[in-house]
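Accompanying notes for the structure given below.
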Amino acid sequence: MKLFLDTAEIDEIRTVARWGVLDGVTTNPTLFSKIKGKTYDEVLQEICTITSGPVSAEVVADELDGMLREGRHFAKLADNIVVKVPMSETGLEAISRFRAEGIKTNCTLIFTANQGLLAAKAGASLLSPFVGRLDDINEEGMTVIRELVEIVTIHDIETEVLTASVRHPRHVTEAALAGSHVATLPFKVFQQMVRHPLTDKGIVQFKKDWEAARAAMAANAKG
Ligand code: G3P
């Protein structure tokens with residue numbers, strides 16, 4: 001499963017890229033609103049210099065011409081830009097038009113397998129069901145991932161299921177087990193995945209034992 005970072009924070013992206021585990025980045029208007037002093041274009045271009053993986057840039061227009069204008073603009077910023085389009089009747093039309101123009105899209109705000117199926121048929125290269133927001137309203141977000149993965153597999157549809165709105169490491173494990181092609185994670189979840197209290201404890205113990213062994217060797221050498 002590919003791992004994307006769900007952020008517009010450059011430092012976070014550089015950090016995970018250095019770990020060697022970054023496959024791409026997703027942004028949205030909410031994530032961009034946290035960045036000060038840079039335009040969305042500048043942020044996107046900078047991200048594209050850090051990763052050669054897909055970088056999702058979201059349109060905000062709600063009519064077709066605006067979506068197409070914004071998406072075409074983003075697509076010119078870098079080769080690895082993927083235009084993120086919200087699920088709606090107009091969104092589907094935009095996805096289908098972008099596909100005809102060779103512009104890759106990520107259909108966002110998917111909450112049912114049927115919405116995902118429509119987006120895939122319209123030509124979206126990434127389908128983004130939001131698991132956390134479904135869990136928030138007492139639904140089972142991971143069910144949509146399982147259903148959608150099964151649908152695209154059974155029907156051999158050329159698209160990828162991207163698990164979004166990930167809130168904790170367990171979502172990542174479950175998405176991987178469900179066969180999700182991609183999961184996009186907040187930086188905090190990447191950090192949580194790295195850590196385990198027994199790992200931390202083990203590192204401290206190994207260091208302590210190593211120092212003790214070195215001290216004993218030094219004492220022996222002195223005779
Ligand atoms: O990728 C979509 C994601 O940013 C939404 O996450 O936590 O706002 O539901 P959240």
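Atoms within a ligand are numbered from 1 in the order they appear, just like the ligands themselves.
For the atom pair CD (E9) and OG1 (T27), the distance works out to 12.5 Å, reported to the nearest 0.5 Å.
With sequence neighbours left out, D41 forms a salt bridge (charged side-chain N to carboxylate O under 4.0 Å, His left out) with no residue at all.
Counted within 6.0 Å of CD on E150, heavy atoms from surrounding residues, nucleotides or ligands total 12 or fewer; the atom is thus considered open.
A salt bridge links R72 and E101; the closest N-O separation between the charged side-chain nitrogens and carboxylate oxygens is under 4.0 Å. Contact check on R195 versus D200 returns a salt bridge, with a Lys/Arg side-chain nitrogen under 4.0 Å from an Asp/Glu carboxylate oxygen.
Within 4.0 Å of ligand 1, heavy atoms belong to protein residues D6, N28, F130, R133, A164, S165, R167, T184.
Using a 30° and 60° split on the angle between ring planes, W19 and F190 fall in the perpendicular class, above 60°.
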